[in-house]
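In what follows, a single structure is set out as structure tokens and then discussed.
Worth saying up front: this structure is predicted, and the values here are computed from it rather than measured.
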Amino acid sequence: MHSKIKNVIFYILGVFLILFLIEILSIIKNDQIVFPNVLDIIKSFFNLLGEPNTYKMIFSTLLRLIISLLLALLIGIIIGIFEGINENIRLILKPLMAVLRSLPMIVVVVIIMVLVPFNNWKNVPIIGTTIILIPLISEATKEGILRMDKSLIDVYKLNSNLTPYVIFKVHIPLIIGYLKQAFINAIGMGIKIIVTTEYIVSAKPSLGYAIYSSQYMVEYEKIYAYAIIMILLVLIVEFIPLLISKLFNYFKYNKKNSKLLQK
């Protein structure tokens, strides 16, 4: 627990380091418009927190991020499991996964915008983010499967066929460590992709559209303030799975103890 608090403290110090660098750039470039001073950024940040519309935009962006993460997890885990247990599928999907990992985000977004009707562009951030995150999740799942104890795999093959029950009760618990790290990476990457895509398609309401409006109105202090909000969102979303896990273990431990006391 102390290490987590320490990490958060240093993370916050990192945010202040960024603000300090912006202040230095403001002095060097002598451009208060593009590089506003730190006090203006902090003032703008707290002003945004006092506006109800800010929370509407945060909720909209966060909802898109959660939907994208869930879709990427579902599709990525399924693909990764089949890649891990079947070499032929792994070889067939390898070029596709390589293309998805290599394509610049802007190219993916533009292709989706061409394929999706204009009145459905609000869904482009979800589709684009999901597609880009799938290889990250599938790669972690595949690696987890390939690094599983071979003797365990042989036992499972002897006792049961590959069924959804076996996948969720056997394979996923054994690869959860790989998925946890991939999920953490996906959160940081996902929110950047979501906001950038919202900016490109002008999805309303959203943080991306808010940044677009701030740039149009030449309110750069708001852009930096929204950046701080995005950083805080990443911290919150990363903390939620950890909190759920701790609560689950807590209730599981209490339930086990209560059963022992009843005996």
Side-chain angles (χ1 to χ4, degrees), residues 61-103 105 108-109 111-112 123-194 197 233-249 251-252:
T61 295
L62 199 55
L63 182 61
R64 289 189 181 100
L65 175 64
I66 292 169
I67 293 172
S68 301
L69 287 171
L70 291 176
L71 288 172
L73 278 171
L74 177 63
I75 299 169
I77 288 172
I78 292 171
I79 291 173
I81 286 174
F82 281 103
E83 281 183 312
I85 63 178
N86 192 301
E87 187 178 0
N88 293 331
I89 293 176
R90 185 159 67 249
L91 292 172
I92 290 169
L93 292 178
K94 189 174 182 179
L96 177 61
M97 292 298 112
V99 168
L100 291 179
R101 280 197 301 269
S102 305
L103 272 178
M105 180 195 65
V108 176
V109 172
I111 292 171
I112 296 168
N123 296 320
V124 171
I126 294 174
I127 298 169
T129 305
T130 301
I131 289 172
I132 295 170
L133 293 182
I134 283 173
L136 182 66
I137 303 297
S138 66
E139 181 70 21
T141 307
K142 180 191 73 178
E143 285 300 312
I145 295 290
L146 292 175
R147 294 175 186 274
M148 282 172 63
D149 191 333
K150 300 301 179 185
S151 60
L152 289 176
I153 300 294
D154 293 336
V155 171
Y156 298 141
K157 285 180 178 178
L158 288 172
N159 290 281
S160 176
N161 295 320
L162 187 67
T163 63
Y165 178 82
V166 173
I167 289 172
F168 283 100
K169 288 292 183 179
V170 176
H171 287 82
I172 290 180
L174 290 173
I175 62 173
I176 200 70
Y178 293 90
L179 286 176
K180 182 181 177 183
Q181 187 56 50
F183 182 75
I184 291 171
N185 294 337
I187 291 171
M189 186 185 297
I191 196 163
K192 287 186 287 186
I193 298 168
I194 283 281
T197 312
L233 275 181
V234 171
L235 284 173
I236 292 167
V237 178
E238 283 182 357
F239 178 73
I240 289 172
L242 177 66
L243 180 63
I244 293 171
S245 175
K246 285 188 177 294
L247 288 173
F248 177 78
N249 291 333
F251 286 116
K252 186 178 178 181

> Between Met97 and Ser138, which heavy-atom pair has the shortest distance, and what is it?
Replying inline: SD-OG, 3.5 Å
>> On a heavy-atom basis, which atom in Thr197 and which in Ile193 lie closest, and how many Å separate them?
In response: OG1-O, 2.6 Å
Enumerate, atom names and distances included, each donor-acceptor pair closer than 3.5 Å involving a side-chain atom of residues 76-92, sequence neighbours excluded.
| unit_1 | atom_1 | unit_2 | atom_2 | d |
| --- | --- | --- | --- | --- |
| Asn86 | OD1 | Asn88 | N | 2.9 |
| Asn86 | OD1 | Ile89 | N | 3.1 |
| Arg90 | NH1 | Glu83 | O | 2.6 |

> Rounded to the nearest 0.5 Å, how far apart are CD1 of Ile67 and CD1 of Ile127?
Replying inline: 11.0 Å
> Considering the options Ile112, Leu63, Leu71, Ile66, which one meets the side-chain contact (heavy atoms from CB on, under 4.5 Å) requirement together with Ile126?
Replying inline: Leu71
>> Looking at every heavy atom in both Ile187 and Leu65, which two are closest together, and how far apart are they?
In response: O-CD1, 4.4 Å
>> To the closest 0.5 Å, what do you measure between NZ (Lys94) and NZ (Lys142)?
In response: 7.0 Å
> Atom CD1 of Ile134 and atom CG of Leu100: how far apart are they, to the nearest 0.5 Å?
Replying inline: 7.5 Å
>> Using every non-hydrogen atom in the two residues, find where Leu136 and Ala182 come nearest and quote the distance to one decimal.
In response: CD2-O, 3.7 Å
>> Please give me the minimum heavy-atom distance between Ser68 and Ile194, naming the atom from each residue.
In response: OG-CD1, 3.7 Å
> Out of curiosity, Ile75 CD1 to Thr141 OG1, how far, rounded to the nearest 0.5 Å?
Replying inline: 12.5 Å
> Can you name the closest pair of heavy atoms from Ala72 and Thr130 and give their distance?
Replying inline: N-CG2, 3.8 Å
>> Just verifying a value: how many Å separate Met189 CE and Leu133 CG, rounded to the nearest 0.5 Å?
In response: 6.5 Å
